[in-house]
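Remarks on the structure that follows.
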Amino acid sequence: MRRTVYTADHEAFRETLRAFIEAEVVPHYDEWYANGIVPKDFYPKLGELGVFGIEVPEEYGGAGIESFKYQAVISEELGRAGVSFGGSSVHIALCLPYLTGLATDEQKQRWLPGMAAGELMFAIAMTEPGTGSDLAGMKTTAKLSEDGTHYVLNGAKTFITGGVNADRVIVCARTAPSTPEDRRHGISLFVVDTSLDGYSVGRKLDKIGLRTSDTAELSFTDVKVPAEDLLGEENKGFSYLGQNLPQERLSIAVGAYSQAAAAVRFAQAYTQDRTIFGKTVASFQNSKFELAACKAKVDAMESSVDRGLELHDAGQLTAADAASLKLFCTEAASEVIDRCLQLHGGYGYINEYPIARLYADNRVNRIYGGTSEVMKTIIAKDMGL
């Protein structure tokens with residue numbers, strides 16, 4: 001289908017990014033995959049290319065473009081090549097909105113230039129062992145010192161994308177107990193310097209997919225966080241998290257669509273090249289029907305994603321809209337990628353083939369950013385059920 005969501009500027013950026021991925025990522029990706037991490041010295045290259053600075057305000061070293069569409073182009077091109085920029089996926093898409101929306105001018109001056117340059121990598125730490133999607137149940141605490149100069153941070157986080165390479169982590173912690181009337185009360189956000197005493201990176205988690213993404217456990221033992229690193233107001237953290245969840249879920253939906261589109265591309269190329277019984281696999285009616293059905297689903301995902309991008313840029317993407325988009329795209333992508341893997345036969349199960357990596361990478365889309373079950377709950381509530 002003809003797309004109208006992107007302009008000539010987006011397509012020019014796409015061409016530049018595609019060439020960069022071919023030159024700077026593809027030749028090294030197998031090594032990154034084997035090591036389970038993207039080397040940190042790669043990120044300044046993305047900063048130099050301008051990838052990290054697109055949405056950063058001009059006065060802090062960025063381009064100041066208030067649009068999520070460039071992030072969508074990045075997802076599509078990474079999916080097309082079957083590669084990843086690793087844990088930096090959260091650096092801009094998730095973390096930047098908190099800084100631009102909540103940080104003071106002084107904080108922005110300290111953090112945003114390095115963020116745009118890829119010299120100061122960010123992650124965000126919400127989830128804790130045992131709490132999962134129940135963010136209101138978090139146990140990590142931050143207590144203000146008697147002299148008011150710092151907070152003492154104690155607790156642990158898990159499943160933190162980019163947690164190994166991060167220089168700063170936006171940590172959600174309790175600064176006050178919850179109340180019987182409001183379990184969400186008392187949560188605050190802090191931008192924590194990962195070099196502080198008592199801050200510790202635990203295991204780099206061994207995942208079935210997203211192998212190049214450094215997902216880590218973090219622990220905090222009497223970490224003294226300067227009071228000036230509080231982000232926003234005390235005890236209002238949960239409402240801040242809710243404001244940015246629609247963009248996070250849009251990002252996951254775009255990623256799922258991009259993976260599904262790439263899977264169809266990989267499967268079509270493989271079946272047209274692979275021969276069996278003296279004929280190409282693509283020449284069999286079953287292959288044609290399977291690829292056609294997958295293409296139709298990808299077209300539906302594309303239309304949904306494009307509408308979501310337009311609504312988001314217009315400031316009209318609601319929590320229920322984002323939940324519906326994430327639920328549909330992640331569930332549909334899972335089916336498409338599975339069917340495309342089947343068309344590869346036994347080779348689809350071998351990691352040297354991109355479809356195998358896509359299959360493993362895609363599975364988490366129905367879990368992080370809120371599980372499919374949580375998305376259904378949000379949609380049902382919006383329906384008045």
Side-chain angles (χ1 to χ4, degrees), residues 1 3 5-6 10-11 13-26 28-30 32-33 38 46 49 51 68-94 161 207-213 248-270 291 294-306 308-309 325-326 328-341 343-344 348 351-366 368-369:
M1 291 186 179
R3 304 179 78 181
V5 71
Y6 295 127
H10 294 117
E11 296 305 333
F13 174 69
R14 185 190 302 278
E15 290 182 14
T16 299
L17 183 64
R18 185 175 296 182
F20 175 86
I21 290 171
E22 285 295 322
E24 299 291 343
V25 180
V26 172
H28 308 291
Y29 196 71
D30 286 344
W32 297 354
Y33 187 86
V38 173
L46 289 178
L49 189 67
V51 168
F68 194 73
K69 292 178 182 178
Y70 286 93
Q71 296 302 319
V73 171
I74 294 169
S75 289
E76 291 174 9
E77 288 306 305
L78 290 172
R80 180 185 181 277
V83 298
S84 165
F85 288 155
S88 70
S89 58
V90 305
H91 178 65
I92 296 297
L94 269 65
T161 302
K207 310 181 299 297
I208 64 173
L210 298 180
R211 303 290 296 182
T212 60
S213 178
E248 178 180 354
R249 289 164 181 164
L250 171 63
S251 176
I252 295 169
V254 171
Y257 151 70
S258 301
Q259 290 173 331
V264 173
R265 177 172 169 265
F266 293 142
Q268 181 174 347
Y270 179 83
L291 286 168
C294 288
K295 175 63 163 56
K297 279 193 176 290
V298 168
D299 285 345
M301 280 186 269
E302 182 180 275
S303 295
S304 298
V305 161
D306 288 358
L309 290 170
L325 187 59
K326 179 183 184 294
F328 171 67
C329 287
T330 57
E331 295 286 342
S334 178
E335 179 185 345
V336 167
I337 294 169
D338 182 77
R339 293 169 81 170
C340 287
L341 186 149
L343 287 170
H344 282 72
N351 272 329
E352 68 183 76
Y353 282 78
I355 191 67
R357 298 179 183 182
L358 274 182
Y359 181 83
D361 290 351
N362 169 75
R363 184 59 183 89
V364 76
N365 289 332
R366 291 182 280 158
Y368 65 7

- Under the side chain to side chain contact (heavy atoms under 4.5 Å, CB included) rule, collect the residues that match up with A261, sequence neighbours excluded.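 A261 satisfies side chain to side chain contact (heavy atoms under 4.5 Å, CB included) with Y257, V298 once adjacent residues are dropped.
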For [X] against [Y], the heavy-atom pair lying closest together:
X    : Y    : result
F68  : A93  : CE1-CB, 4.3 Å
S89  : T161 : OG-CG2, 4.0 Å
L341 : A356 : CD1-CA, 4.4 Å
N362 : A333 : OD1-CB, 3.7 Å
M301 : A260 : CE-CB, 3.5 Å
I355 : G348 : CG2-CA, 3.8 Å

- Message: With heavy-atom distances below 4.5 Å as the criterion, would you say the side chains of V38 and F85 are in contact?
- Response: no
- With a 4.5 Å heavy-atom cut-off, do F13 and L49 have their side chains touching?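 In short, these two side chains do not touch, never coming nearer than 4.5 Å.
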What distance do [X] atom [atom1] and [Y] atom [atom2] have between them, rounded to the nearest 0.5 Å?
X    : Y    : atom1 : atom2 : value
S304 : L250 : OG    : CG    : 11.5 Å
T16  : E11  : OG1   : CD    : 11.0 Å
Q71  : S251 : CD    : OG    : 7.5 Å
I208 : D361 : CD1   : CG    : 9.5 Å
R265 : K295 : CZ    : NZ    : 14.0 Å
I337 : C294 : CD1   : SG    : 9.5 Å

- Message: If you apply the rule side chain to side chain contact (heavy atoms under 4.5 Å, CB included), what do you find for F20 with V51, and how did you get there?
- Response: CA-CA 11 Å; F20 175 86; V51 168; over 6 Å; no
Is the side chain of [X] donor-acceptor paired with the backbone N or O of [Y] at a distance under 3.5 Å, no angle test?
X    : Y    : answer
R249 : K326 : no
H91  : G87  : no
K207 : S213 : yes
K69  : V5   : yes

- R357/D30 ion pair, N-O < 4.0 Å: yes
- Query: After noting the C-alpha distance and the side-chain angles of R80 and R18, does the key distance pass the side chain to side chain contact (heavy atoms under 4.5 Å, CB included) rule?
  - Reply: CA-CA 9 Å; R80 180 185 181 277; R18 185 175 296 182; 3.4 Å; yes
Establish, from distance only, whether the side-chain atoms of [X] and [Y] form a donor-acceptor pair under 3.5 Å.
X    : Y    : value
E331 : N365 : no
Y6   : E76  : yes
R363 : S334 : no

- Message: Set out, in order, the CA-CA distance, both residues' side-chain angles and the distance that settles side chain to side chain contact (heavy atoms under 4.5 Å, CB included) for S258 and L78, then state yes or no.
- Response: CA-CA 8 Å; S258 301; L78 290 172; over 6 Å; no
- Message: Parallel, tilted or perpendicular, judged at 30° and 60°: which one describes the rings of H10 and Y70?
- Response: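 Correct class here is tilted.
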- Task: Could you label the plane-to-plane angle of the Y29 and Y33 rings as parallel, tilted or perpendicular, counting under 30° as parallel and over 60° as perpendicular?
- Result: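 Judged by the thresholds at 30° and 60°, the geometry between Y29 and Y33 is tilted.
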- Task: Begin from the C-alpha positions of C340 and V264 and carry the test side chain to side chain contact (heavy atoms under 4.5 Å, CB included) through to its verdict.
- Result: CA-CA 6 Å; C340 287; V264 173; 4.0 Å; yes
- Query: Considering residues, nucleotides and ligands other than Y359, do more than 12 of their heavy atoms fall under 6.0 Å from its OH?
  - Reply: no
- Looking at residues at least two apart in the chain, or sitting in another chain, which of them share a ring pair (Phe, Tyr, Trp, His ring centres under 6.0 Å) with Y353?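 Ring pair (Phe, Tyr, Trp, His ring centres under 6.0 Å) list for Y353, sorted by chain: Y347.
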